Amino acid sequence: MQNGRQIDVSTQVERVKRKTRPWKSIIALLLAIASAVISHQARRGTFTTNNLTNQFIAYGTAVLFLVFGSIATYGLAGKSRELLEPTAGQAHSAIVRYAILLVGAFTTLVITLVLFGVDVSQLVLGGAITTVFLSIAAQQALGNVFAGLVLVFARPFQVGDAVRLQAGALGGTLDGIVTDIGITYVRFHTDGSVMSIPNSQVLNAMVGPIPPEAEDAEVVADGKSGTPGGPEQPQPRPAGPV
């Protein structure tokens, strides 16, 4: 009985933590913004005429911005994954979480350097050029990732649906059952095997349910049987001489 109560208490504590987690992230974000504003005003000498005091306030609030900004980024990224995972799936919600973490971490780092008086123009320019080259190099992979996100949110089909894909890149028509919608590939079970098709090709293809005549055509009738796939029936003998 005591173990059951402990389990119930731990479950309730976990639920309370999940409910309060977004508020913690929002409060941390507001504190980060306030710290950035105070640090910027202190660098301009708004609070006192003593230069040393202004620098102390500016650097101290800059450190607070770094701490609160990191907490807010991590919390909001985790909360976005929890919200998207039931609808978008584990793989795509993880992509959104990583994207928020990268953007938030980069933004927090740049603003922190600005608050410390560091010239970040070369850093931003170098990062932008690096991003452009990486985007060009990984254009096909990124295209499949974004196509996968479109497929998840648009939902032209779901896992377990029997669909027909028709596109020139697929060599014509492909009928199969969707077994998985991944980050870069959609997996189809067709002709007794599993095929992995890039998300970009699936997104560019015509998608629809398999027509009934196509399903009936899969049943091949035996030439010697009276019914398709049925037992062999005796054939009538030619009439002999009377």
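Only a predicted model underlies this, so the values are computations on that prediction, with no experimental measurement involved.
- Hydrophobic clustering (ILVMFWY, side-chain heavy atoms < 4.5 Å, transitive): Leu64 and Ile27 are in one cluster.
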For a quick test of your reading: what N or O donor-acceptor pairs under 3.5 Å do the side chains of residues 70-77 make, sequence neighbours left out?
unit_1, atom_1, unit_2, atom_2, d
Ser70, OG, Leu66, O, 2.8
Thr73, OG1, Gly69, O, 2.8

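- Qualifying side chain to side chain contact (heavy atoms under 4.5 Å, CB included) partners for Tyr185, counting only residues two or more places apart in sequence or in other chains: Ser196, Pro198.
- Cluster annotation: Val114 is connected to Phe116 through the hydrophobic network of ILVMFWY side chains, with a link wherever side-chain heavy atoms come within less than 4.5 Å.
- In this structure, the side chains of Asp161 and Ile177 stay at 4.5 Å or more apart for every pair of heavy atoms.
- Residues forming a side chain to side chain contact (heavy atoms under 4.5 Å, CB included) with Val194 (at least two apart in sequence, or on another chain): Thr179, Arg187, His189.
- Looking only at side-chain heavy atoms (C-beta outward), Leu174 and Thr190 come within less than 4.5 Å of each other.
- Val150 and Ile181 fall within the same hydrophobic cluster, defined by Ile, Leu, Val, Met, Phe, Trp and Tyr side-chain heavy atoms under 4.5 Å apart, directly or through other members.
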Show, in sequence, the C-alpha distance, side-chain angles and deciding distance for Glu82 and Lys79, and conclude whether the side chain to side chain contact (heavy atoms under 4.5 Å, CB included) test is met. CA-CA 5 Å; Glu82 291 179 3; Lys79 190 61 181 177; 3.6 Å; yes
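- No donor-acceptor distance shorter than 3.5 angstrom exists from the side chain of Asn204 to the backbone of Gln201, with no hydrogens or angles considered.
- Criterion: ILVMFWY side-chain heavy atoms under 4.5 Å apart, direct or through other members. Under it, Val159 and Phe157 are part of a common hydrophobic cluster.
- Under the rule for a side chain to side chain contact (heavy atoms under 4.5 Å, CB included), Pro209 has no partner lying at least two apart in sequence or in another chain.
- Looking at residues two or more places apart in sequence or on another chain, you find a side chain to side chain contact (heavy atoms under 4.5 Å, CB included) between Gln166 and Thr173, Met206.
- Heavy atoms only, all atoms of each residue included: Phe188 and Gly176 are closest at CD2-C, 4.1 Å.
- Interatomic distance, Leu102 CG to Thr107 OG1, rounded to the nearest 0.5 Å: 10.5 Å.
- In the hydrophobic clustering (ILVMFWY side chains linked at under 4.5 Å, chained through shared members), Phe65 is joined by Ile111, Leu115.
- If you chain together hydrophobic residues whose side chains sit under 4.5 Å apart, Leu203 and Met195 fall into the same group.
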Under the side chain to side chain contact (heavy atoms under 4.5 Å, CB included) criterion, do Val202 and Leu165 qualify, and how do the steps go? CA-CA 7 Å; Val202 177; Leu165 301 179; 4.3 Å; yes
Run the numbers on Val163 and Val178 for side chain to side chain contact (heavy atoms under 4.5 Å, CB included), then give the verdict. CA-CA 7 Å; Val163 299; Val178 182; 3.9 Å; yes
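- No side-chain heavy atom of Phe68 sits less than 4.5 Å from a side-chain heavy atom of Leu30.
- For the side chain to side chain donor-acceptor pair (under 3.5 Å) test, no residue two or more places apart in sequence or in another chain qualifies with Ser80.
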Side-chain donor-acceptor distances from residues 53-63 under 3.5 Å, at least two apart:
unit_1, atom_1, unit_2, atom_2, d
Thr53, OG1, Asn50, ND2, 3.3
Asn54, ND2, Thr48, O, 2.7
Asn54, ND2, Asn50, O, 3.2
Thr61, OG1, Ser39, N, 3.4
Thr61, OG1, Ile57, O, 2.6
Thr61, OG1, Ala58, O, 3.1

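- The structure places CZ of Arg164 at 7.0 Å from CD1 of Ile210, a figure rounded to the nearest 0.5 Å.
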List the steps and the verdict of side chain to side chain contact (heavy atoms under 4.5 Å, CB included) for Thr108 and Thr112. CA-CA 6 Å; Thr108 303; Thr112 302; 4.1 Å; yes
